[in-house]
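Written out below as structure tokens is the structure these notes cover.
The figures that follow rest on heavy atoms only: side chains count, while hydrogens, waters and symmetry mates do not. Chain A is the first sequence line, chain B the second, and so forth, proteins listed ahead of strands; every chain is numbered from 1.
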2 protein chains.
Amino acid sequence: MGEPIYITIVEDIKQQINYGTLKPGDMISSENLLCDMYKVSRMTVRKSLTVLATEGYIYSVPGKGNFVKEPNQDKYILYFNEMDSIEGSIEETQLLDVNIIKPNLETIFNLQIPKSKRVVVVRRLMYIDEVPVAYDIKYIPYYRGMPIVEKEIHYATFPEIVAKKKSLFAIKKELTIKVQKSNEDITNNLKLNNNDWVMTIEQKLLDELNQPIGWGVTYFLGEYFQLQAVSSFIDKSNNIY
Amino acid sequence: MGEPIYITIVEDIKQQINYGTLKPGDMISSENLLCDMYKVSRMTVRKSLTVLATEGYIYSVPGKGNFVKEPNQDKYILYFNEMDSIEGSIEETQLLDVNIIKPNLETIFNLQIPKSKRVVVVRRLMYIDEVPVAYDIKYIPYYRGMPIVEKEIHYATFPEIVAKKKSLFAIKKELTIKVQKSNEDITNNLKLNNNDWVMTIEQKLLDELNQPIGWGVTYFLGEYFQLQAVSSFIDKSNNIY
DNA sequence: TAGTGGTCTAGACCACTAG
DNA sequence: TAGTGGTCTAGACCACTAT
């Protein structure tokens with residue numbers, strides 16, 4: 001035993017939900033009733049309900065009660081990192097070049113910058129068994145005094161490159177995953193046949209004000225690419241209603 | 001104002017973390033010190049720390065203190081559902097057939113069943129603008145008395161098909177995302193050219209004891225397929241150390 | 001031994017909902 | 001008006017860590 005009371009309550013209620021005794025939409029016993037049932041104080045009951053809420057099992061409606069939530073079946077946790085989300089992990093990374101360019105329309109759009117603003121472009125090639133398996137291009141708005149140190153960029157992931165000063169906590173990221181026919185640039189770098197398909201992962205980095213601070217694309221050889229995701233009921237906002 | 005005190009404390013500390021005043025590994029002020037600083041009771045301070053912990057900002061070590069966590073940069077939230085994770089959404093679903101078969105090796109492995117066990121196979125085709133854009137095969141262990149009602153299967157997602165009786169909360173899911181060259185079966189159903197590539201999403205459904213209760217693959221035409229994911233610091237286990 | 005976090009109590013006042 | 005959840009207090013005892 002030794003298990004805290006509040007955990008016991010959590011597991012009791014979870015079981016009722018998992019086995020269908022309590023169904024989505026059902027109201028669970030009121031906090032005062034649970035206090036009586038378990039002979040505990042209200043704060044202890046509320047601790048249990050908080051756990052259930054953050055794990056996505058219930059939500060509460062002030063003045064009414066706590067209710068079983070409709071599980072979000074479509075929500076998954078995905079782990080991705082362009083440096084090791086590949087089968088067998090990258091063995092070698094080649095820094096092709098680092099340039100400062102005038103952005104094209106796509107880059108202007110994705111970085112939300114004026115067209116006069118210069119952009120740093122970093123291009124890398126990743127190898128497994130001497131075979132190029134991924135081709136990576138990143139765009140970062142250039143600012144004066146920006147340190148462009150090749151050694152640092154060589155092995156770094158995107159957030160590490162961009163967030164020299166900012167806390168990594170402040171960075172939001174958006175991924176877009178798709179397949180596309182390779183263009184000439186990709187074909188040359190990944191040594192493909194024309195019209196071969198590549199897995200494409202687009203990364204957009206945003207700061208705390210949702211301003212883009214970096215944009216990049218990684219093209220993966222299909223044979224070497226795979227992502228895993230697992231279901232998740234966790235819910236950031238505890239008080240959805 | 002009207003904002004609860006504990007939210008104020010949460011945001012104060014978040015800001016210190018976001019702006020780098022507090023760095024990963026740093027210990028934050030002790031609970032008693034925070035009580036003094038904000039002139040509140042310990043339970044209020046602890047409520048704030050609980051929020052910060054579930055949002056992945058801090059972790060606590062009993063007897064020592066609360067510490068700023070190293071943000072997990074590689075964690076994303078992904079939304080997927082084979083029925084509408086496609087650009088423009090599926091307009092029509094065609095149920096090709098429902099069969100009861102002897103499982104092949106792959107199916108035996110994925111469903112963890114004896115080879116004598118029969119398996120229900122459901123095959124569907126999804127259309128947009130009369131074009132087949134996805135080909136979907138699902139395998140479910142057959143049990144006596146299983147209702148195989150075509151109408152129900154027609155538009156249902158995988159968990160809905162499998163979990164007739166179980167609470168959907170009890171189901172865990174694993175996704176595998178990859179690209180592969182299409183085989184003859186896929187080529188025929190999606191009207192592809194030989195050696196075209198398809199986006200492949202494998203779904204495995206597990207019950208509360210991690211026993212497989214369903215396995216399926218959906219093949220998507222690359223042109224029509226795209227997934228989005230956003231970064232997440234949320235952490236289910238509040239007490240990682 | 002002093003300090004830390006983990007659990008828990010028995011109250012309190014508030015805003016909201018419902019009959 | 002009675003019941004609900006949301007916030008908050010001022011204590012308590014415990015196990016653990018450090019010195």
Side-chain angles (χ1 to χ4, degrees), chain A residues 1-14 16-17 22 24-69 235-241, chain B residues 1-14 16-17 22 24-69 235-241:
Chain A
M1 303 292 282
E3 190 185 58
I5 305 172
Y6 81 93
I7 295 287
T8 309
I9 302 177
V10 165
E11 284 171 357
D12 279 4
I13 296 176
K14 264 190 196 175
Q16 294 179 54
I17 294 175
L22 286 170
D26 287 356
M27 192 174 90
I28 68 179
S29 309
S30 78
E31 298 180 356
N32 286 320
L33 190 50
L34 287 168
C35 292
D36 292 346
M37 289 163 59
Y38 287 96
K39 305 292 173 212
V40 294
S41 78
R42 189 161 158 240
M43 285 305 262
T44 302
V45 165
R46 282 185 60 75
K47 169 116 188 169
S48 307
L49 299 180
T50 301
V51 172
L52 288 166
T54 64
E55 293 193 5
Y57 282 86
I58 65 171
Y59 63 94
S60 68
V61 185
K64 296 179 82 172
N66 289 284
F67 300 85
V68 179
K69 215 162 144 181
D235 196 349
K236 180 166 188 166
S237 52
N238 304 343
N239 316 320
I240 281 180
Y241 175 48
Chain B
M1 303 295 282
E3 189 185 59
I5 305 172
Y6 80 93
I7 295 287
T8 308
I9 302 177
V10 164
E11 285 172 354
D12 279 5
I13 297 177
K14 264 191 196 176
Q16 293 178 54
I17 294 174
L22 286 171
D26 287 356
M27 192 172 91
I28 69 179
S29 310
S30 79
E31 298 181 356
N32 286 319
L33 190 51
L34 288 168
C35 293
D36 292 346
M37 289 163 59
Y38 288 94
K39 305 292 173 210
V40 294
S41 78
R42 188 161 159 240
M43 285 305 262
T44 301
V45 164
R46 282 185 60 75
K47 169 116 186 166
S48 307
L49 299 181
T50 301
V51 172
L52 288 167
T54 64
E55 292 192 6
Y57 283 84
I58 65 170
Y59 63 93
S60 67
V61 185
K64 296 179 82 173
N66 290 285
F67 299 85
V68 178
K69 218 162 140 180
D235 196 349
K236 181 166 187 164
S237 51
N238 304 343
N239 317 321
I240 282 180
Y241 176 46

Below 4.0 Å: OP1/OP2 of dG6(C) and any side-chain N or O of S60(B):
yes
Nearest heavy atoms of S48(B) and I9(B), plus distance in Å:
OG-CB, 3.4 Å
What's the OH-C1' distance between Y38(B) and dT9(D), to the nearest Å?
18 Å
Just by distance, do the side chain of S60(B) and the backbone of N66(B) share a donor-acceptor pair under 3.5 Å?
no
Search all heavy atoms of V68(B) against all heavy atoms of Y59(B) and return the closest pair with its distance.
O-CE2, 3.8 Å
Rounded interatomic separation in angstrom, taking CG from D36(A) and P from dG3(D):
12 Å
Distance check needed: dC8(D) C1' versus R46(B) CZ, whole Å only.
15 Å
How many Å lie between CD1 on I58(A) and P on dT4(D), as a whole number?
15 Å
Nearest whole angstrom, please: distance from the C1' of dG6(C) to the CG of L49(B).
12 Å
Contact check, side chains of Y6(A) and V51(A), non-hydrogen atoms, under 4.5 Å
yes
Write out a two-atom table: protein N or O, nucleotide N or O from nucleotides 11-15 of chain D, distance below 3.5 Å.
from, atom 1, to, atom 2, distance (Å)
dA12(D), N6, R42(B), NH1, 3.4

Proximity to DNA chain C (any heavy atom under 4.0 Å), residues of residues 25-32 of chain B only
S30(B), E31(B), N32(B)
Identify which nucleotide among dG5(D), dA18(D), dT17(C) has an atom closest to any side-chain atom of K64(A), counting heavy atoms from C-beta outward.
dT17(C)
Nearest heavy atoms of E3(A) and E11(A), plus distance in Å
OE2-OE1, 3.2 Å
Expressed as a whole number of angstroms, how long is the span from I9(B):CD1 to dT7(D):C1'?
12 Å
Between K47(A) and dT7(C), is there a side-chain N or O to OP1/OP2 distance below 4.0 Å?
yes
Got a second to check how far T54(A)'s OG1 is from L49(A)'s CG, nearest 0.5 Å?
11.0 Å
Minimum heavy-atom distance between M43(B) and M43(A), given as atom pair plus value:
CE-CE, 4.0 Å
In the structure I gave you, are the side-chain heavy atoms of D12(B) and Y38(B) within less than 4.5 Å of one another anywhere?
yes
Answer yes or no: does a side-chain N or O of T44(B) lie under 4.0 Å from OP1 or OP2 of dT9(D)?
yes
For dG5(D), take OP1 and OP2 only and decide whether either is under 4.0 Å from a side-chain N or O of N66(A).
yes
d(CG, L33(A); P, dA2(D)) in whole Å:
19 Å
Would you mind reporting whether M37(B) and L34(B) have side-chain heavy atoms less than 4.5 Å apart?
yes
Side chain to side chain contact (heavy atoms under 4.5 Å, CB included) for K47(A) and T50(A)? Distances and angles first, verdict last.
CA-CA 5 Å; K47(A) 169 116 188 169; T50(A) 301; 5.6 Å; no
How far does the helix from dT1(C)-dA18(D) to dA18(C)-dT1(D) bend, going by the axes of its first and last five pairs, to the nearest 10°?
0°
Would you check if I58(A) and L22(A) make a side-chain contact, meaning some heavy-atom pair closer than 4.5 Å?
no
Hey, is the side chain of Y6(B) poking within less than 4.0 Å of OP1 or OP2 on dT7(D), counting only N and O atoms?
yes
When every non-hydrogen atom of N32(B) is compared with those of R42(B), the smallest separation belongs to OD1-CD, 3.9 Å
